[in-house]
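Here's the structure we're looking at; comments come further down.
Whatever order the structure lists ligands and atoms in, that order sets their numbers, starting from 1.
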Amino acid sequence: MAELLRLLLQVSEKAANVARVCRQEAALFQLLVQEKTGDDKNKKFVQDFKTLADVVIQEVIRHDVGAQFPEMVGFIHGEESNKFENGLGESVTVTVRGTEEETAALLAAVLDGDLTAAALLARAIHQDPATVDASADGLTVPLSPSELGIWIDPIDATSQYIEGREEVLEEGHLSPSGLHCALVLIGVYLRSTGEPVMGVINQPFNHKEPAGGSWQGKLFWGVSYGDLNVCSVSQPKTGPEGRRALSVVLSSSEKQVVKDTLASLCGPEKLMYASGAGYKILCVIQGLADAYVLSEGSTFKWDSCAPHALLRALGGGVVDLTKSLKCSSEAKVELTYHQPCAEGKGADRWANYGGLVAYGDCSQLSSIIGALRGKL
Ligand code: 2IP
Ligand code: CA
């Protein structure tokens, strides 16, 4: 398990490098941002490029995990399909090949022959990341890769990634939108129960290096299985005066009745808004908010699996909101990751259909569920 965690940290860093390269290299950046100009075909091509960046990142992760743990092949799922159609209507399956040159040749076919862009992407894919967090070394978890499955969100909060607004993050403060909301999410779940047991969150755009001005990322990870709960983030400290008033982060598109109910529960100044499903759960992990409430089924297994594992390692979790509202006040219905929901079709089968509440503290979860009961 420590070996798997180490690999996921490493491959998430490779994925973060691809995400950074697409914004830093002029040839790729132009493809990422020039959507508003040009004719329809050009618009379609650029739209494709955004998806391609996602697909490439997902395939890097799938390739590297499958190569080291063949027993996991077939259980590595993600948001994107690797069947890709380029601007000329040709269908190409994007995979990572044995060498940088082979991968570049395949990507050139998707990129309508843009050799410069293809070579830059291929280089990032085949380059091993410099160093990764070694604090997970020595961890032993009694689970074998053949019992596990993986959910990948190659870039969560894609709109923030494309928009690219740069924010200077302030310690202890939630910053609602910007490049830092874009996250690479890799979650590991138990095939038998669907319980999330390991998560890696890579934030490719955490801060800019003062000297060279290049973006530096930040890694967060956690393992939660049985009695073993380890997380790279330390638990938010409770001050001498006890827990401060409850604060909740929401999507700006949340229903008015939820906003109003939670405003009465916490006080309007304790409601915050932020972009990205993964980023909002990360805010709870970091103690920047006590909970994230979402009443819609607009997130998916790949959005929540990784951060859910970190929250569990810290003593919290992520529950299904609709199911929790129907249960007795003490029951907790944690999200699981192994079964599709019957209601949806296609990708929607993997939606967190009943909405969710991500929380750090069980008594705060009870207050939130209690307040929302009968309102939705
Ligand atoms: C999205 C992204 C959005 C979020 C949505 C996710 O994933 O995180 O920001 O909406 O739920 O599915 P909101 O910001 O309103 O919470 P992606 O960017 O990968 O499509
Ligand atoms: Ca997402």
| request: Number the atoms of ligand 1 from 1 as they appear, then name those within less than 4.0 Å of a heavy atom of I155, with their elements. | output: 19 (O)
| S298 heavy atoms, cut-off 4.0 Å: which ligand 1 atoms fall inside? | 11 (O), 12 (O)
| field | Protein heavy atom under 4.0 Å of atom 10 (O) of ligand 1 | value | no
| said: Show the atoms of ligand 1 that are less than 4.0 angstrom away from any heavy atom in S275. | reply: 14 (O)
| message | Which atom name does D156 have for its N/O/S atom nearest to the Ca ion (ligand 2)? | response | OD1
| said: Ring-plane angle category for Y161 and F205, please: parallel below 30°, perpendicular beyond 60°, tilted otherwise. | reply: tilted
| query | At a 4.0 Å threshold, what atoms of ligand 1 neighbour a non-hydrogen atom of T299? | reply | 11 (O)
| Nearest-neighbour protein heavy atom for atom 17 (P) of ligand 1, which is reported as residue plus atom name and distance | T158 OG1, 3.5 Å
| note | Checking distances from the Ca ion (ligand 2), one finds that the N, O or S atom of D153 closest to it is OD2
| request: Heavy-atom contacts with D153 under 4.0 Å: which atoms of ligand 1 show up? List them by number with element. | output: 19 (O)
| query | Nearest to atom 7 (O) of ligand 1, what protein heavy atom do you find, and at what distance? | reply | D156 OD1, 2.9 Å
| field | K323 side-chain N/O to E334 backbone N/O, donor-acceptor pair under 3.5 Å | value | no
| query | Starting from atom 3 (C) of ligand 1, which protein heavy atom do you reach first, and at what distance in Å? | reply | G276 CA, 4.1 Å
| Spacing of R6 atom CZ and Q68 atom CD [to the nearest 0.5 Å] | 10.0 Å
| field | Atom pair SG (C266) and CD1 (I368), whose distance is rounded to the nearest 0.5 Å | value | 6.5 Å
| Can you find an N/O atom of A274 closer than 3.5 Å to an N/O atom of ligand 1? | no
| field | Reported CG-to-CD1 distance for the pair D64 and I76, which is rounded to 0.5 angstrom | value | 10.0 Å
| query | Once you round to the nearest 0.5 Å, how far does CD1 of I201 lie from CG of L310? | reply | 5.0 Å
| remark: CD (E100) and CG (L121) are apart, to the nearest 0.5 Å, by 11.0 Å
| request: Could you tell me whether any N, O or S atom belonging to D303 is less than 3.0 Å from the Ca ion (ligand 2)? | output: yes
| task | May I ask you to identify the nearest protein heavy atom to atom 4 (C) of ligand 1, giving residue, atom name and distance to one decimal place in Å? | result | A277 N, 3.9 Å
| Does any donor atom in the side chain of S295 or E254 lie under 3.5 Å from an acceptor atom in the other side chain? | yes
| query | How close does the nearest protein non-hydrogen atom get to atom 12 (O) of ligand 1, and which residue and atom is it? | reply | D303 OD2, 3.2 Å
| query | What's the shortest distance from atom 20 (O) of ligand 1 to any protein heavy atom, and which residue and atom give it? | reply | E79 OE2, 3.7 Å
| Hey, are E59 and R97 close enough for a salt bridge, meaning a charged N less than 4.0 Å from a carboxylate O? | no
| query | Against heavy atoms of K280, which atoms of ligand 1 measure under 4.0 Å? | reply | 13 (P), 14 (O), 16 (O)
| task | Give the atoms of ligand 1, by number and element, whose distance to some non-hydrogen atom of S251 is under 4.0 Å. | result | 13 (P), 15 (O), 16 (O)
| task | Grab the two heavy atoms, one from D290 and one from A245, that are nearest each other, plus how far apart they are. | result | OD2-O, 3.6 Å
| Under 4.5 Å between any side-chain heavy atoms of Y353 and D320, yes or no? | no
